[in-house]
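Working notes for the structure below.
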Amino acid sequence: MEEMENKQLNFIEEIIEEDLKAGNVTEVHTRFPPEPNGYLHIGHTKAMCIDFGMALKYGGKCNLRFDDTNPTKEDVEYVDAIIEDIRWMGFDFEDRLYYGSDYSDQIYNYAVEFIKKGLAYVDDLDVEQIREYRGTLTEPGKESPWRNRGIEENLSLFTRMKNGEFENGEKVLRAKIDMASPNINMRDPVIYRIKKEHHHRTGDTWCIYPMYDFAHPLQDAIEGITHSLCSIEYADHRPLYDWVVQKAGIKNQPHQYEFARLNINYTVMSKRKLRELVEKNYVSDWDDPRMPTLCGLRRRGFTPESIRNFIELVGVSRTNSVVDWGLLEHCVREHLNKTADRVMGVLNPLKVVIENYPDDLTEEFTVENNPEMPERGTRTVPFSREIYIEQDDFMVNPPSKYFRLKPDGEVRLKNAYFIKCTGFETDETGKVTLVKAVYDPASRGGESPDGRKVRGTIHWVSAKHALDAEIRLYDLLFKVENPDEFPEGGDYKQNLNPDSLIVLPSSKVEPALADAKPGDRFQFLRMGYFCVDKDSKPGALVFNKTVGLKDTWAKIASKG
RNA sequence: UGCGGAUUGGUGUAAUGGUAGCACGACUGACUCUGGCUCAGUUUGUUAGGGUUCAAAUCCUUAAUCCGCAGCCA
């Protein structure tokens, strides 16, 4: 079995395997419980991969359950987006799409049972008073004067709460546990509150809504969840989770296990901040390719495979940690290297005239689409007297080790000819505007019969045949590792990277790209991976830079 | 100062009393019609002190540091 091959288990897998072995459970059943109050981001994919991944690995099931017990924060708008993101990530909840709000009656009935068992009471204290009575981290709380109401009175009051006879905040239902508990969550937590709000699913049916701590364990129990996986901050709530499940008399009790959230440097994950970036137009929208949202990453050109692999590499533990954004980039490169077709695109064009090449001739070269996947076949690329090369691929006074084109220097045009620079023109600022060269007809296809070597091979496009394209160069959203570190009185937004987006409006790409469709991914030879943007149209191509190729030359050059 | 969690190279993560390993990064070198890929190699680590043991990242102990918790949010 695959479990046998995979010796190194994370702590959750160990728990699951023990449960399976000991017969505590016969099948693993997990759930992915997003609250529909925002877009999913890369941080959520960790929980998603673990929740769905554990079910997959052990042949069990994973439910999608929208945790929608708070009508004031949630919206249908997000439901569809979240479903789309989960499917895009490649996870399948089959027909098990649930909403916490679907269990409103059952949860309510449990609450009534709790009252009958003397485990819950209606409290008249207001928010302020409840806070005071709760005590502090170091001092115990004290009991509410309403704590010992009779069961009948509680029942009647709770019914009247449900019937809308009280206003928001007037009364709450509390679990009767222990006001002196060292764990604040056990100091008679509120389990139902009055909210006369419209709910995105249940409409105006309810004016009382259960709190997470009461609803979640019961939802898990109702769905037959075996392992309820969540993040570390819920660890303090576990005693309450267990209390609810136990007092409710659940036969096959679900258990909660916590793991550390995913943090990544050079970005932010909080919903509040992401929202602010969108609303104040620091980015174009939730799917801006610089955003760590799944829709943003998708538009940027990231693949679900690479994200899943990233999460796999990050691992599962209970330790707070910050993962390098570079690891994510590594994962995309690795995947795209194997799968993306290669094409030639010149980001910053510089015209080269090949003076000994016939004016009216066009040749076509056959080139392979992907050296990593020969089965991807070949395509033809036109060649003519005038071509564009990258501005960075020509230097008048190059440093040593510069293998590209330079005065009197020879370079190979990928898949075409050797050319030798014979001169160049500049404008009044000294900027090179045109390069003159001659080609060696004998080097057709990129090999010279006399066996002479050229160190540099550069990409190019035929000027006559090139397609215009807009290219959007994306970089890190923040210029510092931890955007939340800023001088006194400052703000995380001052850490925004001013160069996170550079638009190149007049790049040149090869004609094979004429009918590239939004979402198509390519490797622009020597430049990086690019994805056709949704703004792209035939005749007005737009490419997003997903990630650059590793650039050894940039490293050498920066060292001087 | 209460309760709960955590601490292994630059980063992330293994080793469950018996050779501190893997991945990313960095650095060499080889190869190359992508300064990509690939391949070979190098580098850096058990928070600290004490103890048990033939043997400790692992067990005991004392401390330090970091994170979370006082919503009618999830």
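Just so we're on the same page: letters track the sequence lines, and every chain starts at 1. As the structure is a prediction and not an experimental result, all values here were calculated from the model.
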Rounded distance (Å) that lies between atom [atom2] of [N] and atom [atom1] of [X]:
X	N	atom1	atom2	answer
A:Met269	B:rC67	CE	P	18 Å
A:Arg238	B:rG4	CZ	P	11 Å
A:Ile232	B:rC66	CD1	C1'	13 Å
A:Lys401	B:rG29	NZ	C1'	13 Å
A:Glu329	B:rA26	CD	P	11 Å

Whether the side chain of [X] and the base of [N] hold a donor-acceptor pair under 3.5 Å is what I'd like checked.
X	N	answer
A:Arg404	B:rG35	yes
A:Gln523	B:rU34	yes
A:Asp551	B:rG35	no

Classify the ring geometry of A:His199 against A:Tyr209: parallel below 30°, tilted from 30° to 60°, perpendicular beyond 60°.
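Plane angle under 30°, so parallel.
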
Quick one: which of [options] gets closest to the side chain of [X]?
X	options	result
A:Arg342	B:rC24, B:rG36, B:rC72	B:rG36
A:Pro182	B:rC72, B:rG2, B:rA14	B:rG2
A:Asp324	B:rG10, B:rG35, B:rG4	B:rG10

Classify the glycosidic conformation of B:rG71 as syn or anti, calling it syn when the angle lies within 90° of 0.
syn

Quantified in whole Å, what is the P atom distance between nucleotide B:rC66 and nucleotide B:rU1?
11 Å

Would you say A:Ser317 reaches B:rU13's phosphate, i.e. side-chain N/O to OP1/OP2 under 4.0 Å?
yes

Verify the contact: side-chain N or O of A:Thr319 to OP1 or OP2 of B:rG12, cut-off strictly under 4.0 Å; return yes or no.
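No, no such contact exists.
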
Answer yes when A:Arg65 and A:Glu223 have at least one side-chain N-carboxylate O distance shorter than 4.0 Å, and no when they do not.
yes

Carboxylate-amine/guanidinium contact A:Asp341 A:Arg379, below 4.0 Å
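Not counted as a salt bridge, because no side-chain N and carboxylate O are separated by less than 4.0 Å.
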
Remember a base hit wins even if backbone is also touched, and classify [X] as base, sugar-phosphate or nothing at under 4.0 Å, heavy atoms.
X	result
A:Leu525	base
A:His237	base
A:Met527	nothing

For residues A:Arg149 and A:Asp124, determine if any side-chain heavy atom of one lies less than 4.5 Å from a side-chain heavy atom of the other.
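When only atoms from C-beta onward are counted, A:Asp124 and A:Arg149 do touch, with a gap below 4.5 Å.
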
Would you kindly compare A:Phe403 and A:Asp124 by the position of their nearest RNA chain B nucleotide and give the one closer to the 5′ end?
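Looking at RNA chain B, the more 5' nearest nucleotide goes with A:Phe403.
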
Under a 3.5 Å limit for both distances, which nucleotide forms a Watson-Crick or G-U wobble pair with B:rA57, could you say?
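B:rA57 is paired with nothing.
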
Is it the case that the ring center of A:Phe530 lies less than 6.0 angstrom away from the ring center of A:Phe543?
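No: the rings miss the under 6.0 Å criterion.
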
